[in-house]
Every structure is written in structure tokens, then in C-alpha cells.
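What follows is a short report on a single structure.
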Amino acid sequence: MATPPDSPIEEVVYELEPTRLPKPIPVALDDLCRQTKFTRQEIRVMYRGFKTECPEGVVHEECFKDIYAKFFPHGNSAVYAHYVFKAFDVNCNGAISFRDLLVTLSTLLRGSVYERLRWTFRLYDSNGDGCISRAELADIVAAVHELMGRRAHHHAEDERVARDQVDRVFRKLDLNQDGVITIEEFMESCLKDEVITRSLQMFDAPL
């Protein structure tokens, strides 16, 4: 099957095979190095793993949900995985290419606090209109609760706790109390919160 245009060309794999004559570094690999904070060798290693797990060269949402389900077997991870998939799907075409994956991982693992916060905002802004509504925040909170297995039976107490959590967080982030959270409000509020800042710095360790 032909390699999708978003994936590095097959020459990247050929370079790793000692039986072949050395080839110049492909342009695609140079592009990925410029677009991310990964080295050529890191990209080569990740590409080989990606091609092994995803021979078609892309990850579709159902496969992505299956992967999440393995990490969270005690809860319903499908809804949260849907939101994360949309945030990874840089081109909004319903499939995550190797380039999409690499760009996002570079942001989460090597990006600045500002870059990580912008990605997190995109995760919460599920309709992509540039702001987070109370409903969008509530949807994400509910998805996280299901992910952790806390809403399996939808108990009234669980619903109340979730609503209280949404109200508390929304009040904290909606600085001008106009009913929506802008990227500026989100960044300002999170940067003032030491707990959030520390949690983002947990990604600073190298691969």
C-alpha cells in the first residue's frame, strides 16, 4: 500500500538497513526535524514502531479508542479518547498520520508550558470555535470520570460531584465571568496555578 503523503518517505526505513547503500537524508525527515524537537535518530526509531503498529501509515479513531481501552480497562475510555483523537488530528481529516503524532508528542514532551497549554485548550475546545463553554468543560469532565470508571452506574452523587467540579473550575478560568473561557483567560489562569504548572513540567523528562 502506498505511503500516505503525511508520513515520512520509505527511504527513512531504508537508511536503517545495513545491506543497502547509504542514502542522503530524505527531505521529509529534515522537515520533521524542523517541525519538532526530536532528533533524526529519535524520529527513525519512532517511525519504525509506528509502521509496525500501523502498517497503513495512519491511525483511525476506532483503533485509537482500542489503544486507550487497553490503558484504562476499568472505565469507559471511548468518549475521552474521542476528544484526544480530535486534538491529535492536526489536519482534521479523521486520521492521525505519523507527522500528526510526532508534532503533538513534540509539543507535549518537549514543548514550552505555553505550547502545552495551547494544546490542552484545543482539547477542551471541542467544537473549535476558539473558546471553551461550560457545556464543553462539562463534557470533558464527564469523559474523564467515565475514563476512570467513576460514572459506570451514573449515581446521583457522582453527578453532583461532577457538576460541582465543573462549576468550580469554570469560575476559576472564566476571569471576566462572561460565560466562556478564551485562550487568554485559560493561559492566564493556568499559569497562576502552581499545581497545573507542575503537572505540565512532568513531561520535561527526555524520551
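Basis for what follows: all heavy atoms, side chains included, without hydrogens, waters or symmetry-related copies.
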Electrostatic pair K86:D89 at N-O distance under 4.0 angstrom: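 No, this pair does not count.
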Do the side chains of [X] and [Y] join up, straight or via other hydrophobic residues, at under 4.5 Å, putting them in one cluster?
{"X": "V161", "Y": "I140", "answer": "no"}
{"X": "V141", "Y": "V180", "answer": "no"}
{"X": "I183", "Y": "L175", "answer": "no"}
{"X": "F98", "Y": "V90", "answer": "no"}

Side chains of [X] and [Y] in contact at under 4.5 Å (non-hydrogen atoms):
{"X": "I43", "Y": "L29", "answer": "yes"}
{"X": "I132", "Y": "L173", "answer": "no"}
{"X": "D30", "Y": "R40", "answer": "yes"}
{"X": "L102", "Y": "F50", "answer": "no"}
{"X": "Q165", "Y": "H145", "answer": "yes"}
{"X": "V103", "Y": "F88", "answer": "no"}
{"X": "V169", "Y": "L137", "answer": "yes"}
{"X": "M187", "Y": "E184", "answer": "no"}

Does [X] reach the main-chain N or O of [Y] with its side chain, forming a donor-acceptor pair under 3.5 Å?
{"X": "N176", "Y": "D178", "answer": "yes"}
{"X": "D174", "Y": "G179", "answer": "yes"}
{"X": "E185", "Y": "T182", "answer": "yes"}
{"X": "D100", "Y": "S97", "answer": "yes"}
{"X": "D164", "Y": "R168", "answer": "no"}

Donor-acceptor side-chain pairing of Q177 and R171 below 3.5 angstrom: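 Note: Q177 and R171 side chains miss the donor-acceptor criterion.
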Partner of F186 under ring-ring contact (aromatic ring centres under 6.0 Å, His included), chosen from F121, Y114, W119, F170: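 Single ring-ring contact (aromatic ring centres under 6.0 Å, His included) partner of F186 among F121, Y114, W119, F170: F121.
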Value rounded to 0.5 Å, distance of OH in Y47 from OG1 in T52: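 One gets 10.0 Å once the value is rounded to the nearest 0.5 Å.
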Distance in Å, M46 CE paired with E42 CD, rounded so as to fall on 0.5 Å steps: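 If I round to the nearest 0.5 Å, the distance is 5.5 Å.
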Candidate pair H74 and M148, rule side chain to side chain contact (heavy atoms under 4.5 Å, CB included), full reasoning: CA-CA 7 Å; H74 302 297; M148 305 306 293; over 6 Å; no
Looking at [X] and [Y], what are the two nearest heavy atoms and their distance?
{"X": "V59", "Y": "F85", "result": "O-CE1, 3.5 Å"}
{"X": "V166", "Y": "A138", "result": "CG2-CA, 3.6 Å"}
{"X": "N127", "Y": "C131", "result": "OD1-O, 4.5 Å"}
{"X": "V58", "Y": "A95", "result": "CB-CB, 4.0 Å"}

Set of side chain to side chain contact (heavy atoms under 4.5 Å, CB included) partners for K37, sequence neighbours left out: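 In terms of side chain to side chain contact (heavy atoms under 4.5 Å, CB included), with neighbours along the sequence ignored, K37 is linked to S106, R110, E115.
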Aromatic ring pairing Y68/F64, orientation class (parallel under 30°, perpendicular over 60°, tilted between):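 Taking F64 first and then Y68, their aromatic rings sit tilted (interplane angle of 30° to 60°).
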All pairs passing salt bridge (Lys or Arg N to Asp or Glu O under 4.0 Å) where residues 117-144 contributes a residue, at least two apart: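 Output for this query lists R134-D167.
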CA sep, side-chain torsions, deciding dist, call: Y80, L123, side chain to side chain contact (heavy atoms under 4.5 Å, CB included): CA-CA 10 Å; Y80 187 75; L123 172 68; 3.9 Å; yes
Exceeds 12 heavy-atom contacts within 6.0 angstrom, atom OH of Y124: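 Atom OH in Y124 is not crowded, with 12 or fewer foreign heavy atoms closer than 6.0 Å.
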Evaluation steps, side chain to side chain contact (heavy atoms under 4.5 Å, CB included), between H60 and I96: CA-CA 6 Å; H60 294 287; I96 300 173; over 6 Å; no
